Student: 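Pasting a structure here, questions to come.
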Amino acid sequence: MGSRDDDGQSTEVQGYAADINSIREAQARIAPYVHKTPVLTSTSIDAVAGKQLFFKCECFQKAGAFKIRGASNSIFALDDDQASKGVVTHSSGNHAAAVALAAKLRGIPAYIVIPKNAPACKVENVKRYGGHVIWSDANMESRESIAKRVQEETGAVLIHPFNDKYTISGQGTVSLELLEQVPEIDTIIVPISGGGLISGVALAAKAINPSIRILAAEPKGADDSAQSKAAGRIIKLATTDTIADGLRAFLGDLTWPVVRDLVDDIIVVDDNAIVEAMKMCYETLKVAVEPSGAIGLAAALSDKFKQSSAWHESSKIGIIVSGGNVDLRVLWDSLSK
């Protein structure tokens, strides 16, 4: 069953964790706490891509990534009683920093469970914002069990990195902004991992323009979403291996239905393509982008995309540059290989 939003447009809301209304509510709730990020263009990159590309630069967002949107929406939606005991999360980086910052803005404690293999620059961000760092092993089971223990010990509220209505709604505000800035966009390419960002982006964009195309960009070494889409059910990988440290999570039960139904295709690219896209962002766009943030450009330039019907049907493509928290030592090492 559909509903009508403020513009009188019909939106399909049944069965999904968020909708255009919850995303618009998020936009109003988080406005005092987040930046409206710019959209950059480059005629040089357009010439290489063969299309007009519009880069939504969440690398300029507070805490250096889009994650502050979902984190601040989740934390400022809590009532005072819930918030008083603080918040807890588990994350390899950008969500961790975002929760620490949003909690600081609200004046409550943040307990952050971080895997031991998280990039140093992202751990430093968490500490800078006053988050209490608790270390875990690199696997999801360890992250989740330690977060649960902290929750039980402190009474803190879990702020999930992606599988949550408020997180998804907050991330969807990226899409609202982008389509306000460049209404003529016909395709949006979005990094995919746990699916919070792409779920929010897809739900908002398709409510505003049902014919818009939503494409996911995923690293070859963590292509669980592509495998899930092909299998028609959530697939989880035993291990992941990619330079894109922000894209190693798996879909959740709230994000999967949106990915299944509203994401038109998933473009898988290898780490070499991601590094080349990072290099192009630095050299041509003049923007510092982390691997997870460069993957949208890598997908736009990929042979898979250029050989697809989607490429022929697209002319103005939005690229979500999800973050800019790059560990420069890793970048220099990858470029010198």
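Treat the numbers as computed from the prediction; the structure is a model and nothing was measured.
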Student: Restricting to salt bridge (Lys or Arg N to Asp or Glu O under 4.0 Å), what partner residues turn up for Glu177, sequence neighbours left out?
Tutor: Lys56, Arg69
Student: Whether the side chain of Asp186 engages the backbone of Ser315 through a donor-acceptor N/O pair (distance < 3.5 Å, no angle test) should be reported.
Tutor: yes
Student: Step through the shown structure and confirm whether more than 12 heavy atoms of other residues, nucleotides or ligands are within 6.0 Å of CZ on Arg128.
Tutor: yes
Student: Side chain to side chain contact (heavy atoms under 4.5 Å, CB included) for Ser314 and Arg213? Distances and angles first, verdict last.
Tutor: CA-CA 8 Å; Ser314 302; Arg213 188 176 293 99; 3.2 Å; yes
Student: List the atom of Pro257, the atom of Gly15, and the distance in Å for their closest heavy-atom pair.
Tutor: CB-O, 4.5 Å
Student: Any sub-3.5 Å donor-acceptor pair from Asp264's side-chain atoms to Ile214's backbone N or O?
Tutor: yes
Student: According to a hydrophobic-cluster definition based on side-chain heavy atoms being under 4.5 Å apart (Ile, Leu, Val, Met, Phe, Trp, Tyr only), do Ile235 and Ile267 belong together?
Tutor: no
Student: Just do the salt bridge (charged side-chain N to carboxylate O under 4.0 Å, His left out) check on Asp46 and Lys316 with the steps written out, would you?
Tutor: CA-CA 10 Å; Asp46 288 353; Lys316 296 178 189 298; over 6 Å; no
Student: If only side-chain N and O atoms count, and only distance matters, is there a donor-acceptor pair under 3.5 Å linking Ser322 with Glu58?
Tutor: no
Student: Residues two or more places apart in sequence or in another chain: which of them pass side chain to side chain contact (heavy atoms under 4.5 Å, CB included) with Ala204?
Tutor: Ile20, Ile23, Ser175, Leu176
Student: Quick one: do Leu178 and Val39 satisfy side chain to side chain contact (heavy atoms under 4.5 Å, CB included)? Show the steps, please.
Tutor: CA-CA 8 Å; Leu178 176 59; Val39 174; 3.9 Å; yes
Student: Just to verify, what does Phe76 make a ring-ring contact (aromatic ring centres under 6.0 Å, His included) with, not counting sequence neighbours?
Tutor: Tyr33
Student: Run the side-chain hydrogen bond (donor to acceptor under 3.5 Å, both in side chains) test on Glu290 and Asn94 for me, step by step, so that the C-alpha distance in whole Å, both residues' side-chain angles and the decisive distance to 0.1 Å come before the verdict.
Tutor: CA-CA 11 Å; Glu290 65 187 86; Asn94 286 334; 3.0 Å; yes
Student: Can you sort out the partners of Asp241 under side chain to side chain contact (heavy atoms under 4.5 Å, CB included), two or more places apart, ordered by chain and number?
Tutor: none
Student: Measure across Ala118 and Val123 and return the closest heavy-atom pair with its distance rounded to 0.1 Å.
Tutor: CB-CG2, 4.0 Å
Student: Do any side-chain atoms of residues 244-256 form donor-acceptor pairs under 3.5 angstrom with protein atoms, and if so which ones, sequence neighbours left out?
Tutor:
unit_1, atom_1, unit_2, atom_2, d
Asp245, OD2, Lys122, NZ, 2.7
Arg248, NE, Thr242, O, 3.4
Arg248, NH2, Thr242, O, 2.6
Asp253, OD1, Asn163, ND2, 2.6
Thr255, OG1, Gly194, O, 2.8
Thr255, OG1, Gly252, N, 2.9
Thr255, OG1, Gly252, O, 3.3

Student: Would you please test Asp19 and Lys165 for salt bridge (charged side-chain N to carboxylate O under 4.0 Å, His left out) and show each step?
Tutor: CA-CA 9 Å; Asp19 58 46; Lys165 171 182 179 167; over 6 Å; no
Student: Which residues pass the salt bridge (Lys or Arg N to Asp or Glu O under 4.0 Å) test with Glu152, sequence neighbours left out?
Tutor: Lys148
Student: From Arg143 CZ over to Thr89 OG1, what is the distance, rounded to the nearest 0.5 angstrom?
Tutor: 8.0 Å
Student: May I have the step-by-step check of side chain to side chain contact (heavy atoms under 4.5 Å, CB included) for Ile188 and Ile317, ending in yes or no?
Tutor: CA-CA 6 Å; Ile188 306 177; Ile317 302 172; over 6 Å; no
Student: Sub-3.5 Å donor-acceptor pair from the side chain of Asn125 to the main-chain atoms of Ala97, do we have one?
Tutor: no
Student: Taking side-chain hydrogen bond (donor to acceptor under 3.5 Å, both in side chains) as the test, write out the residues that go with Ser225, two or more places apart.
Tutor: Glu218
Student: How long is the gap from CD on Gln52 to CD1 on Ile185, to the nearest 0.5 Å?
Tutor: 10.0 Å
Student: Compare every heavy atom of Pro191 with every heavy atom of Leu197, then report the nearest pair and how far apart it is.
Tutor: CD2-CD, 4.1 Å
Student: Who pairs with Glu124 by salt bridge (Lys or Arg N to Asp or Glu O under 4.0 Å), at least two apart in sequence or on another chain?
Tutor: none
Student: Which residues pass the side chain to side chain contact (heavy atoms under 4.5 Å, CB included) test with Thr167, sequence neighbours left out?
Tutor: Ser74, Asp164, Gln171
Student: Would the number of heavy atoms belonging to other residues, nucleotides or ligands and lying under 6.0 Å from NZ of Lys236 be above 12?
Tutor: no
Student: Shortest non-hydrogen contact from Leu262 to Ala202?
Tutor: CB-CB, 4.1 Å
Student: When rounded to the nearest 0.5 angstrom, what is the spacing between SG in Cys59 and CZ in Phe66?
Tutor: 12.5 Å
Student: Keeping the roles fixed (side chain from Thr284, backbone from Cys281), state whether a donor-acceptor pair exists under 3.5 Å.
Tutor: no
Student: With distance as the sole test, does Gln181 use its side chain to make a donor-acceptor pair with the main-chain N or O of Thr37 at under 3.5 Å?
Tutor: yes
Student: Please find the pair of heavy atoms, one from Lys306 and one from Val48, that lie closest to each other, and give the distance.
Tutor: NZ-O, 3.2 Å
Student: So does Gly130 get a backbone contact from the side chain of Lys104, meaning a donor-acceptor N/O pair under 3.5 Å?
Tutor: no
Student: Nearest heavy-atom pair of Ala102 and Ile75: which atoms, and what distance?
Tutor: CB-CD1, 3.6 Å
Student: Can you tell me how far apart CG (Leu40) and SG (Cys57) are? Round to the nearest 0.5 Å.
Tutor: 4.0 Å
Student: Report yes if the side chains of Ile274 and Pro219 come closer than 4.5 Å at any heavy-atom pair, otherwise no.
Tutor: yes
Student: Kindly write out the residues that satisfy salt bridge (Lys or Arg N to Asp or Glu O under 4.0 Å) with Lys36, not counting sequence neighbours, or none if the list is empty.
Tutor: Glu180
Student: Keeping Lys229 on the side-chain end and Val259 on the backbone end, is there a donor-acceptor pair under 3.5 Å?
Tutor: yes
Student: Name all pairs fulfilling the ring-ring contact (aromatic ring centres under 6.0 Å, His included) condition that reach into residues 79-138, sequence neighbours left out, sorted by first residue then second.
Tutor: His90-His160, Tyr111-His132
Student: How about Asn21 and Arg24: does a side-chain donor come under 3.5 Å of a side-chain acceptor?
Tutor: no
Student: So does Tyr166 have more than 12 non-hydrogen atoms from other groups sitting under 6.0 Å from OH?
Tutor: no
Student: How many angstroms lie between OH in Tyr16 and OG in Ser199, if you round to the nearest 0.5 Å?
Tutor: 9.5 Å
Student: Would a distance-only check, ignoring hydrogens and angles, find a side-chain to backbone donor-acceptor pair under 3.5 Å from Ser228 to Asp224?
Tutor: yes
Student: Which residues pass the side chain to side chain contact (heavy atoms under 4.5 Å, CB included) test with Ser142, not counting sequence neighbours?
Tutor: Ser136, Asp137, Asn139, Ile146
Student: Can you measure from CD1 (Ile159) to OG (Ser72) and round to the nearest 0.5 angstrom?
Tutor: 10.5 Å
Student: Please determine, by modelled atom types, if Asp223 and Gln227 share a side-chain donor-acceptor pair under 3.5 angstrom.
Tutor: yes
Student: Look only at the side chain of Lys286 and the backbone of Glu283, and say whether a donor-acceptor pair between them is shorter than 3.5 Å.
Tutor: yes
Student: Would you say the side-chain atoms of Asn325 pair up with the backbone N or O of Ala63, donor to acceptor, closer than 3.5 Å?
Tutor: yes
